[in-house]
*Asks:* 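Structure below; questions to follow.
Below, chain A is the first sequence line, B the second, and so on; all start at residue 1.
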Amino acid sequence: MAQFTRPKPTMSDTRKPFPFDEFEPKWQARWDSEKTFRTPNPGEKGFDASKPKYYVLDMFPYPSGAGLHVGHPEGYTATDIVGRYKRMKGFNVLHPMGYDSFGLPAEQYAIKTGQHPAITTAANIETFRRQLKSLGFGYDWDREIATTDPEYVRWTQWIFLEIYNSYFCEETNTARPVSVLETKGWSRDEIDNVRLAFVADTPVWWSPDLGTVLANEEVEEWKGKGHTVERRPLRQWMLRITKYAQRLIDELDMLDWPEGIKLLQKNWIGRSEGAEVKFQILNFNSQVEVFTTRPDTLFGATYMVLAPEHPLVSEITASEQKEAVQTYQKAISSKSDLDRGDLNKDKSGVFTGAFAINPVNGKEIPIWIADYVMMGYGTGAIMAVPAHDERDFEFAEKFGLPVLQVVEPTNDHDWKGYTDPGTAVNSGFLDGLPTAEAKAKMIDWLESNDQGKRRVQFKLRDWLFSRQRYWGEPFPIVWKDGKHQAIPDSELPLLAPPLEDYKPSGSPEPILTKAREWVELPDGSIRETNTMPQWAGSCWYYLRYCDPSNSDRFISKEAEAYWSSNTQSSINNTQCGMVDLYVGGTEHAVLHLLYARFWHKVLFDLGHVGTPEPFQKLVNQGLIMGEDGQKMSKSRGNVVNPDDVVSAYGADSLRLYEMFMGPLEQVKPWQMKGVEGVSRFLGKVWRVAFDEQADGSLTISPRIQDITCTDKELLRVLNDTIKKVGEEIEALKFNTAISFMMTCTKAFTLTETVTLNEFIQFLKILNPFAPHITEEIHFRIGGKVLLSETEWPTYDASALIRTECELVVQVNGKLRDRIWMAMDAPEESAKELALASPKVQEHIDGKTIRKVIYVPGKIMNVVVS
RNA sequence: GGCGGCUUGGCGGAAUGGUAGACGCGCUCGACUCAAAAUCGAGUUCCAAAAGAGUGUGGGUUCGAGUCCCACAGCCGCUACCA
């Protein structure tokens, strides 16, 4: 059990190093009542248009019943430090917080506790808010939002209708309103076929015990939690994210995101270039299209494989193969995903009895079905080139199919199973060409002979956007005469009706169908009963923060323009994302971050927002592990509760510790001893200011004096610290920033006179990290204003200048001596001093000096042999 | 299998190609105390000391490499028959 306790309390040890339990709540109450961190919008009282904006965003939490986890304050403290720092540097800082309060987990929790999700959600939000406030974060609480608020739901639904009422124009590569098509005379059905939100019958992942379908991307997560999923063809709402695949890849280049996350998104979108090839089926009027990235190997295609679910299978299967094929199909459909993919890589398959004609040489090749070909990717059919594809090779070996070489390796690799580029052989008009050229030539041939064409294929699927659950936004859609249509804006928000029983029924019917009175409208139309996934709310919350109580628009033009302005990109000077800094966990690398980018781009295309991307700079905080180095989990009993840390050491200590643990982005283990360490540091700062009397009362230390500082060394350390801490905050290197402040505190501890001005400067730079204790000290030593409302100190560069230095002298790269000399000593005199050193002499004696490297102020390296 | 990340004292971690181990934890010793806690001070990579060795392993570039290049190993994460 990693339960932690305060070091054994003794009779006299009831007092804490500083009375955080008294002053932390006091300052929190003051910030709250004075709305210290309120940020006015353009047009509002107190708005200063001369200041540049800085938008620093946290990934808002899902308010679970478990309350805040120590992982939350990690990112939240980092953004709070940056936000408070930028504020002191003269920015209008937007630093908001809210709750991602819809979703499956909330509903699961409600079912478990037997309470309505609205009640549990409200209670959980209450807990989260209390915990967040107890950590002293400088949020603008007037901007607090929850995705379940009716006013928020209203605009989520409104944005959905914007998407619904749009199509993707291939010419402009942007979304446009479908009204454009109406004026062009498109029919209703034609328009419905191109909407960015559309209804489709597709095989989807259905979970009986959750009572809903899941997006491809969510399946693993819920399976991991022990839920079952099965494949079912169901009628679902989809969002046409695939139309944005290319832009979602290309526009990553403009973002200051970790390269790893960009790569993760690129791989998820999965672009591959190749060709679509048509194969005529022998004795049938049908053709099969395959997608291949290696059209140059077409001459080597010795068989074809269809996915078992491929619609053509039943049509082309020869009667003598029917039984075998059907048996195989049945076996595959009952196979779980795990059997088909993860665990079983053994190739299996059945011959259909049919043959396809290779368009390039007229050869008849057998058509098989096999589960290694997926219906969901490409065309659900492949041409198999066993000589140059591992999977095809394995399959051909197993079933004795011919293997024909068409690529000559460039190295001494055996041609069988050689998959890298080489030189085309046995390939007619391609012979002798390197792979890249052979691909191009084959595509030209296919296109000019109408046998295929160039094609770019993406792994990304359209986004399955509907759920059958209760705790989500209802679709603002009604069905009339079998056709869907939007409800008028005036009816938004469309809220779910109250339901007594929202437990999964085991059928794929949406739960809202139970609310008959709500579903059936007087004019005979019927409400859509699906609800939106949890992602819907998190796709645009950063926009709503900018103008949270606007009842006319999801965000006003003015607020959008101001909070999108002046975003600084480190890559090129283009302004591309709205949010300057976005901090959150890596678990959202592909889902939330991809969906939000997609929605933002649609809104951008439609002219509702002015930037093509939502988040300019992204930083992923590293996971905090348990004290045992394992992932924190209830079952391991290594979970640390932030409330316990706050009551034992105070909020400032928790904040400081989480920042001191190590680099923000790194995975780090929790160490309760480390919290004690930073708490001790804060105690030292406290004791610079105060002396404790025998009776336990505090008096201001007589060392503090309001006079001009003449202590050069103190001035040097302080100014160096001011400079470094500013730089480190900008670089998000909070751990080293804190270590510099520890060093500076030591200097204050050792000096005889603590000059007031210098000490207050120090309190200012510590303030973003430990806001409570710094305000308290400042107040007690006579400060009249809030430190957080003062300006960030500028450092005095002249105080940093050193005239002397300790020059390191090396002989052949090995450290031999250190010699004090003038910082700017000329090379000749420095050399003279260095060579005179007995320790250096010892190592150059009798040898020839070949070279002397001199870096003034740092190092001298004498090279001898 | 693929992709990404990581590897530095007893521990968390510092180091624009320039003194490896800042800062903190822990530990040791000392001061204060009847004693302890708290606090303050000194020390703490390894080796008994000197010499030397030392940033996962092996090479390379360089006057000089934790840092750059090549190969390899181990650990962690994500992904997985993507044609």
Side-chain angles (χ1 to χ4, degrees), chain A residues 7-13 15-17 220 258-264 266-268 270-272 274 290-294 297 305 307 340-342 344-347 370-374 376-385 389-392 394-395 457-460 586-587 589-590 622-623 625 629 631 656-657 660-663 665-678 680-681 683-684 687 692 733 735-743 746 749-750 806-818 850-855 857-864:
Chain A
K8 1 54 196 142
T10 59
M11 289 290 279
S12 56
D13 188 35
R15 72 194 134 83
K16 310 188 163 162
E220 285 309 317
E259 285 306 316
I261 300 294
K262 288 188 184 182
L263 205 62
L264 225 49
K266 281 183 194 169
N267 291 343
W268 187 267
R271 182 184 203 271
S272 47
V290 304
F291 172 70
T292 176
T293 54
R294 293 295 299 273
T297 62
V305 185
R340 186 161 169 179
D342 301 356
N344 181 7
K345 304 239 166 170
D346 260 4
K347 294 287 177 290
D371 67 349
Y372 82 93
V373 174
M374 308 289 153
Y377 182 75
T379 60
I382 62 159
M383 64 180 215
V385 185
D389 181 284
E390 274 178 45
R391 296 149 302 175
D392 297 344
E394 203 187 313
F395 191 83
Q457 176 68 38
F458 294 97
K459 271 197 266 182
L460 185 69
T586 182
E587 69 273 18
V590 280
L623 210 59
M625 312 297 271
K631 230 179 194 169
L656 214 56
Y657 172 62
F660 189 61
M661 292 174 84
E665 286 154 281
Q666 197 169 298
V667 179
K668 327 164 259 280
W670 184 273
Q671 291 186 329
M672 203 51 84
K673 281 283 183 193
V675 188
E676 274 180 51
V678 292
R680 217 171 286 166
F681 157 63
K684 285 175 194 174
R687 285 191 304 274
E692 195 177 23
K733 290 163 76 174
N735 54 333
T736 47
I738 293 166
S739 75
F740 290 128
M741 289 188 285
M742 287 172 166
T743 307
K746 177 104 174 173
T749 304
L750 295 180
E806 202 178 29
L807 189 78
V808 167
V809 183
Q810 299 180 329
V811 177
N812 284 351
K814 282 196 197 301
L815 174 75
R816 295 306 178 191
D817 204 359
R818 304 158 211 249
R850 298 282 171 203
K851 203 175 188 179
V852 175
I853 311 285
Y854 177 48
V855 183
K858 285 215 158 153
I859 205 164
M860 174 169 289
N861 190 8
V862 183
V863 186
V864 297

*Asks:* Supply the atom-to-atom distance A:Met625 CE to A:Met661 CE, rounded to the nearest 0.5 angstrom.
*Replies:*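 These two atoms lie 10.5 Å from each other.
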*Asks:* With rounding to the closest Å, how many angstrom separate the C1' atoms on B:rU57 and B:rC81?
*Replies:*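 B:rU57 and B:rC81 have their C1' atoms separated by 35 Å.
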*Asks:* Give me the distance, rounded to whole Å, that separates B:rA50 from B:rU16 when you measure between the P atoms they each carry.
*Replies:*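 B:rA50 and B:rU16 have their P atoms separated by 30 Å.
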*Asks:* What integer number of Å spans the C1' atoms of B:rA38 and B:rU44?
*Replies:*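 Taking atom C1' in both B:rA38 and B:rU44, they lie 23 Å apart.
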*Asks:* Using a 4.0 Å heavy-atom cut-off across all strands, classify A:Leu750 as base, sugar-phosphate, or nothing.
*Replies:*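 Contact class for A:Leu750: sugar-phosphate only.
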*Asks:* When the P atoms of B:rC11 and B:rU55 are compared, how many Å lie between them, rounded to an integer?
*Replies:*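 Roughly 16 Å separates the two P atoms.
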*Asks:* Give the ring-plane orientation class for A:Phe291 versus A:Tyr377, where under 30° counts as parallel, over 60° as perpendicular and anything between as tilted.
*Replies:*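 Answer is perpendicular, since the angle exceeds 60°.
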*Asks:* May I ask you to say what A:Thr749 touches in the nucleic acid, namely base, sugar-phosphate or nothing, with a heavy-atom cut-off under 4.0 Å?
*Replies:*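 Nothing, no nucleic acid heavy atom in range.
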*Asks:* Remember a base hit wins even if backbone is also touched, and classify A:Arg850 as base, sugar-phosphate or nothing at under 4.0 Å, heavy atoms.
*Replies:*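 No contact.
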*Asks:* In whole Å, what separates the P atom of B:rA49 from that of B:rU39?
*Replies:*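 Looking at atom P only, B:rA49 and B:rU39 are 31 Å apart.
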*Asks:* Rounding to an integer number of angstrom, what distance separates B:rC69 and B:rU62 when you compare their C1' atoms?
*Replies:*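 Nearest-Å result for B:rC69 against B:rU62 at atom C1': 12 Å.
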*Asks:* With a sphere of 6.0 Å drawn around CD of A:Glu390, does it hold more than 12 non-hydrogen atoms of other residues, nucleotides or ligands?
*Replies:*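 Not more than 12 within 6.0 Å, no.
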*Asks:* Can you tell me if A:Lys631 has over 12 outside heavy atoms packed within less than 6.0 Å of its NZ?
*Replies:*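 At most 12 heavy atoms, drawn from other residues, nucleotides or ligands, come within 6.0 Å of this atom.
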*Asks:* Given B:rG41, is OP1 or OP2 found less than 4.0 Å from the side-chain N or O atoms of A:Lys746?
*Replies:*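 Answer is yes, contact under 4.0 Å.
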*Asks:* Between B:rG58 and B:rA80, how far apart are the two P atoms, rounded to whole Å?
*Replies:*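 Here B:rG58 and B:rA80 have their P atoms 38 Å from each other.
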*Asks:* Could you tell me how far apart A:Tyr377 (OH) and B:rA83 (C1') are, to the nearest whole angstrom?
*Replies:*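 The answer, rounded to whole Å, is 7 Å.
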*Asks:* Which base, if any, makes a Watson-Crick or G-U wobble pair with B:rC6, both distances under 3.5 Å?
*Replies:*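 Across any shown strand, B:rC6 pairs with B:rG74.
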*Asks:* Using atom P of each nucleotide, how far apart are B:rG5 and B:rC70 to the nearest Å?
*Replies:*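 Rounded to whole Å, the distance is 14 Å.
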*Asks:* Report which part of the nucleic acid A:Val667 touches: base, sugar-phosphate, or nothing (heavy-atom distance under 4.0 Å, all strands).
*Replies:*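 Contact class for A:Val667: sugar-phosphate only.
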